[in-house]
Amino acid sequence: MQIVSSIPEIRVAVRALRARNGAASGRSVGFVPTMGALHEGHRSLLQAARSRCEIVVASIFVNPTQFGPNEDFNRYPRTLEQDCRMLEAEGVDLVFTPTAEIMYPPGVSTFVEVAGVSDRLDGASRPGHFRGVATVVAKLFHIVQPDCAFFGQKDAAQVAVLRQMVRDLNLPVEIAICPIVREPDGLALSSRNGYLSVEERRQALSLSRALFAAEALAKQGEHRAETLLLAMRACLQQEPALRVDYVAVVDPDTLLPLEDAANGALLAVAAHVGGTRLIDNILLPPTR
Ligand code: PAF
């Protein structure tokens, strides 16, 4: 596994891997962009990339432009050695670990704004977050030039923003989405779970519990968003220490609220548990 930090190096390395064995049309490149602090959710993305593509490239970059001024950029876990062990074990060919100066040299003034969808759900609570995500992902796509890029369903709003960006900018990249990986008790895996105390981790379980309660209602035939929202809120209220950010039943592509989930819907929640903001979601399939 090769680890490189500069843009010229990664470009040369990807080109060489693509051309290896004299493949006439070039071998396919799967790309897993990450901010490090890798967990089993990331492992599932790496495995999906490995099974679908001939070459797997991962990036580790804690992107400053997607953090707000009072967010956790400084304390975000940085575990490069451990991350590299997982990347190596999953057969990653190439790892890109740029610095902030490489990605955002002085004078940089071009950003990617995906209007509308970027202001909904997490975008409403974290102004500028998706501008930072869209910009860094667009830059990484241009640098790595993958055929397919792999993201987790856990960040459902990010998925909607990036799909829209790829459509709008006609980027030649397929976006593949992998299911949420959960702990046995339901907690969705997140690099931020490490911030939780034992008591906060217990409280955090009410996010997935709320989603499962609404999903169970939907499976019984309930598709009115109002009823699903009530069920989720009732669950979350049982944990008064939680500060709920949003509870939503929305269209998974536009993130606009739905009144009826019968054609499929994204159930999404976000809440602050102590000083940690957590998100979770479930996709309801269409019932008609
Ligand atoms: O999902 C993440 O880890 C980040 O938002 C991403 C896509 C790597 C961009 O920094």
Side-chain angles (χ1 to χ4, degrees), residues 5 7 10 30-46 48-49 56-68 71-80 82-83 86-87 90 92 94-100 102-104 108 111-114 117-118 120-123 125-144 146 148-166 169 171 173-181 188-195 255 268 270 276-281:
S5 297
I7 294 171
I10 180 100
F31 180 42
V32 182
T34 81
M35 297 206 301
L38 303 182
H39 51 66
E40 293 304 305
H42 295 108
R43 194 191 295 281
S44 75
L45 304 182
L46 297 165
V56 179
V57 181
S59 64
I60 298 181
F61 177 58
V62 185
N63 173 36
T65 64
Q66 70 188 76
F67 288 81
E71 294 185 349
D72 57 342
F73 174 69
N74 285 329
R75 77 165 177 145
Y76 198 84
R78 286 153 171 92
T79 56
L80 185 62
Q82 200 179 307
D83 292 346
M86 181 190 289
L87 297 174
E90 294 308 327
V92 169
L94 189 55
V95 188
F96 182 44
T97 56
T99 60
I102 285 174
M103 292 303 283
Y104 301 107
V108 78
F111 291 86
V112 179
E113 294 246 14
V114 185
V117 73
S118 289
R120 298 173 195 142
L121 298 190
D122 307 290
S125 328
R126 304 181 65 189
H129 170 65
F130 287 125
R131 181 188 196 246
V133 171
T135 300
V136 80
V137 172
K139 284 168 74 78
L140 289 167
F141 282 0
H142 283 291
I143 293 166
V144 174
C148 190
F150 296 78
F151 298 89
Q153 174 58 30
K154 159 88 179 345
D155 297 302
Q158 171 169 284
V159 168
V161 168
L162 294 178
R163 279 191 164 139
Q164 177 88 40
M165 177 184 82
V166 164
L169 297 179
L171 300 180
V173 183
E174 185 193 332
I175 300 284
I177 307 304
C178 299
I180 295 178
V181 178
L189 294 192
S190 162
S191 303
R192 292 187 167 97
N193 289 352
Y195 297 155
L255 307 182
T276 307
R277 184 175 179 281
L278 297 177
I279 58 174
D280 198 355
N281 69 83

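What you see below is based on every heavy atom in this structure, not just the backbone, and it leaves out hydrogens, waters and symmetry mates. Atoms within a ligand are numbered from 1 in the order they appear, just like the ligands themselves.
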*Asks:* Report yes if some heavy atom in the side chain of D122 is under 4.5 Å from a heavy atom in the side chain of Q158; otherwise report no.
*Replies:*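 The answer is no, as the side chains (C-beta and beyond) never meet within the 4.5 Å cut-off.
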
*Asks:* Looking at side-chain heavy atoms only, is the closest gap between M165 and L171 below 4.5 Å?
*Replies:*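 Sidechains of L171 and M165: in contact.
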
*Asks:* Nearest protein heavy atom to atom 10 (O) of ligand 1, by residue and atom, and its distance?
*Replies:*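 Heavy-atom neighbour on the protein nearest atom 10 (O) of ligand 1: Q66 OE1, 2.6 Å.
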
*Asks:* Do R78 and F73 meet the cation-pi criteria used here (NZ or CZ under 6.0 Å from the six-membered ring centre, within 45° of the axis)?
*Replies:*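 Here R78 passes the 6.0 Å and 45° test against F73.
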
*Asks:* Just how far is it from atom CG of L45 to atom OG1 of T34, taken to the nearest 0.5 Å?
*Replies:*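 Those atoms lie 9.0 Å apart.
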
*Asks:* Any N or O on N63 sitting closer than 3.5 Å to an N or O of ligand 1?
*Replies:*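 There is no such contact.
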
*Asks:* Which of the numbered atoms in ligand 1 are under 4.0 angstrom from any heavy atom belonging to P33?
*Replies:*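 Per the distance check, 8 (C).
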
*Asks:* Do N281 and Q153 come close enough that some side-chain heavy atom pair is under 4.5 Å?
*Replies:*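 The answer is yes, as the side chains (C-beta and beyond) meet within the 4.5 Å cut-off.
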
*Asks:* With heavy atoms of V136 as the reference, note each atom of ligand 1 found under 4.0 Å away.
*Replies:*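 Ligand 1 atoms under the 4.0 Å threshold to V136: 9 (C), 10 (O).
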
*Asks:* Is there at least one pair of N or O atoms, one from Q158 and one from ligand 1, spaced under 3.5 Å apart?
*Replies:*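 Looking only at distances, the answer is yes, because the N/O contact criterion of under 3.5 Å is met.
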
